[in-house]
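A quick note: this is a predicted structure, and the numbers were derived from the prediction, not measured. Every chain is numbered from 1, with letters handed out A, B, ... down the list of sequences.
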Amino acid sequence: MLYISVPLGKLVRRVSRLRGGGSALPGLVVEKIDPGFMQRTLSTIPHGVAVVSGTNGKTTTTKMVVELLESQGLKVFTNRTGSNFTRGVAAALLGEVDWRGRLRADVAVLELDEAHATHFVNRVPPRYSLLLNVLRDQLDRFGEIDKTAQLLQHIADKTTGTVVLNREDPRVARIAETLTGQDVQYFGLDDSLLSTFPNDDDMRAAPGSPAPAALPHKPAADVVLRKVGPDTADFEYDGATVTTAMKLRGVYNIFNAAAALTLARSICGGGAATADHATLLTALSQVEPAFGRGESLTVDGQPLDLVLVKNPSGFRLGLKSFPAGGYATMIAINDNYADGRDMSWLWDVEFDSLRDGGVDQLTGSRAYDMALRLQYDDVRICGVQPEIAPALAAFIRDAKGKPKRIFCTYTAMLAIRRELSKITTVEVVS
Amino acid sequence: MTAESTGIGPDGVEQNSKGTIRVLQLYPRDMNIYGDWGNALVLKQRISWHGFTPDLLEYNVGDEFPADVDLIVGGGGQDSGQLVIKDDLQSQAGVLTKLAEDGAPMLVICGLYQLFGRFFKTRLGSVIPGIGVLDVETHGTDERLIGNVRVATEEFGEVLGYENHSGQTTLGAGVRPLGTTAKGTGNNSSDGHEGARYKNVVASYLHGSLLPKNPAIADFLIRTAAERKYGTFTAGAPDDRYAVLAREHATRRPR
Ligand SMILES: [Zn+2]
């Protein structure tokens with residue numbers, strides 16, 4: 001059967017590309033004239049749909065899963081994060097299907113934003129789901145932290161095959177107790193690394209509702225992250241521990257590598273390919289962080305790291321994963337819709353680790369909120385300039401000869417990348 | 001700029017301390033949402049910037065209520081947090097009411113503001129009794145009130161913050177509003193009031209956190225605590241330049 005929506009949608013896509021437009025319009029068109037398009041197309045994928053969800057680390061983890069599966073010779077359909085999930089997926093599908101609406105992919109791996117989770121999984125029950133964590137986030141958009149846990153629960157309920165859970169996050173691990181038909185796999189962390197994860201529930205600023213207790217007996221995990229070196233990591237699976245080089249930095253990114261590995265092993269174990277562990281590990285060692293998530297650029301012959309921070313747990317993870325010593329530090333806080341308008345979250349991050357070196361430059365529309373926050377943590381501040389371009393120029397000038405690090409919210413990161421692209425090579429992301 | 005010029009409190013406060021001020025955080029474990037720690041931190045730091053020694057205590061469900069508390073601060077919390085603390089809070093209704101009636105300074109935000117009132121009736125009709133320190137009642141709704149808020153107040157000038165609640169609160173005759181909203185919603189979507197004032201209790205829906213950008217409220221609480229305990233209060237000289245600038249920028253931000 002030939003659907004008129006596909007050629008029409010592809011046509012709109014071409015036209016809007018020619019006009020330099022985004023991906024929303026073709027997605028919108030196909031959604032309007034053929035509401036079943038996304039569901040129908042995804043349902044033809046032989047090894048089904050895998051979704052990755054959770055508060056922190058979805059984008060990089062999704063990217064890792066895709067690269068791991070591609071290393072096994074699978075053709076993977078995936079989505080880029082965008083403003084509207086369903087429309088974005090529809091638009092991405094339009095780019096990948098042939099004129100008859102057939103998708104040439106073995107498996108789909110989709111980053112699923114909590115805001116769109118329910119709607120999506122009701123329409124397209126995933127065969128696999130990977131649920132990363134429930135951290136303090138999204139309060140702006142959902143009002144209540146517990147809702148995130150409920151959304152992840154709903155994704156798990158709708159999953160038809162394997163649910164991969166974070167053994168170390170009680171809110172996620174306990175989802176297993178309510179599942180009946182699904183296969184459950186865990187990824188886990190060596191006890192010695194638990195302390196490097198600031199846990200919301202251990203913090204003075206505990207979340208609004210008490211976390212469920214950790215599981216009384218830790219279930220066995222399919223993959224456990226045992227050790228993190230400067231540029232290596234030790235993973236344990238199938239009863240043996242292997243050491244691999246890692247391009248990813250930051251313990252929590254590497255923990256998410258364990259998550260990605262678990263999901264990739266499940267998909268391959270599910271018959272999509274027979275996992276070849278040597279190539280899986282090679283692929284894992286090559287993964288670079290996703291756009292903006294802990295990117296490292298070079299400016300004036302010195303590294304400049306961009307660390308995306310979008311919620312208290314992410315900021316705390318960032319400060320722990322990237323120690324301040326020897327680095328010049330800038331913080332860029334915007335409060336546009338995509339960043340979150342509520343600045344309360346800055347008060348749930350402890351900045352003691354910046355006390356020794358101080359902060360070189362603060363910028364963004366809420367630069368003075370950040371300054372106030374640092375003042376109350378006794379952190380020295382050298383400059384505050386809400387305008388991003390002059391602040392960045394001053395930071396680069398004053399920190400000449402030193403490695404640099406910028407913690408930034410989402411829209412601040414976009415602005416910083418734009419400025420940096422004038423002086424150094426920044427990967428262009430369409 | 002050096003640490004000194006940012007107004008970071010002088011060291012050696014202990015030697016010349018004007019006295020100790022004991023601040024009690026109510027239910028930080030269960031009633032703590034974005035930014036509540038900010039209020040406690042601001043009190044702690046400003047107490048020392050004013051020349052006193054802060055003593056920060058916590059009260060959680062099942063604890064023994066500490067004696068000699070000078071200032072109480074209670075936070076937001078989600079619906080689930082309210083359910084966890086509601087019985088324990090009733091068991092402390094007597095001591096909290098007595099403290100409030102005696103003029104102890106208190107700050108209660110959002111979830112504890114609601115439970116300091118007479119009751120919270122949820123959207124589904126069940127009633128969580130409050131402790132009645134404040135003559136207010138709250139009704140759950142489907143509508144979530146979210147965004148930046150500016151409130152005109154007589155006592156503290158313009159108060160800035162961020163609201164995020166679906167319970168709507170109406171004031172009775174026994175309390176007066178903290179102020180009138182110039183931007184945002186406040187207590188409810190009909191009367192333009194935000195927060196409540198009774199004796200030295202300040203109640204508000206505003207997060208942000210409330211105290212960092214509204215040092216006037218923090219200083220009111222500290223001054224009241226010091227005067228009740230030591231008879232007098234001479235202010236120190238906190239450096240509020242960043243607070244002033246953060247306020248200026250915040251007022252220009254969209255809802
Ligand atoms: Zn609230």
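Of the atoms belonging to B/Arg247, not a single heavy atom falls under 4.5 Å from chain A. Using a 4.5 Å cut-off between heavy atoms, B/Ala40 does not touch chain A at all. Heavy atoms of B/Lys213 lying under 4.5 Å from chain A belong to its backbone as well as its side chain.
For the pairing with A/Trp347, the side-chain contact (heavy atoms from CB on, under 4.5 Å) check across B/Val42, B/Asn39, B/Asp36 returns one residue only, B/Val42.
The shortest distance between side-chain heavy atoms of A/Arg341 and B/Asn148 falls below 4.5 Å. Contact check for B/Leu41 versus A/Arg373: side-chain heavy atoms found under the 4.5 Å cut-off. For the pair B/His249 and A/Pro386, the minimum side-chain heavy-atom distance is below 4.5 Å.
A distance of 5.0 Å separates CG of A/Asp378 from CD of B/Gln45, quoted to the nearest 0.5 Å. For the atom pair OH (B/Tyr242) and CE (A/Met370), the distance works out to 11.5 Å, reported to the nearest 0.5 Å. Taken from OG in B/Ser209 to CG in A/Asp348, the straight-line distance is 7.0 Å, to the nearest 0.5 Å.
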Using the side-chain contact (heavy atoms from CB on, under 4.5 Å) rule, take B/Asp239 and A/Gln375 through it: C-alpha gap first, then chi angles, then the decisive distance, then the call.
CA-CA 9 Å; B/Asp239 181 346; A/Gln375 182 190 352; 4.3 Å; yes
Working for side-chain contact (heavy atoms from CB on, under 4.5 Å), residues B/Arg253 and A/Asp335
CA-CA 8 Å; B/Arg253 302 305 299 159; A/Asp335 69 345; 2.6 Å; yes
side-chain contact (heavy atoms from CB on, under 4.5 Å) between B/Tyr162 and A/Met343: does it pass, once the steps are laid out?
CA-CA 8 Å; B/Tyr162 189 93; A/Met343 284 298 107; over 6 Å; no
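Counting heavy-atom pairs closer than 4.5 Å to chain A, the top-ranked of the candidates B/Gly38, B/Gly161, B/Gly75, B/Gly147 is B/Gly38.
More than 12 heavy atoms of other shown residues, nucleotides or ligands fall within 6.0 angstrom of atom NZ in B/Lys183. Other residues, nucleotides and ligands contribute only 12 or fewer heavy atoms inside 6.0 Å of the CG atom of A/Asp356.
Residues B/Trp49 and A/Tyr376 bring their aromatic ring centres within 6.0 Å.
A donor-acceptor pair under 3.5 Å links the side-chain atoms of A/Ser344 to the main chain of B/Gly208, judged by distance alone.
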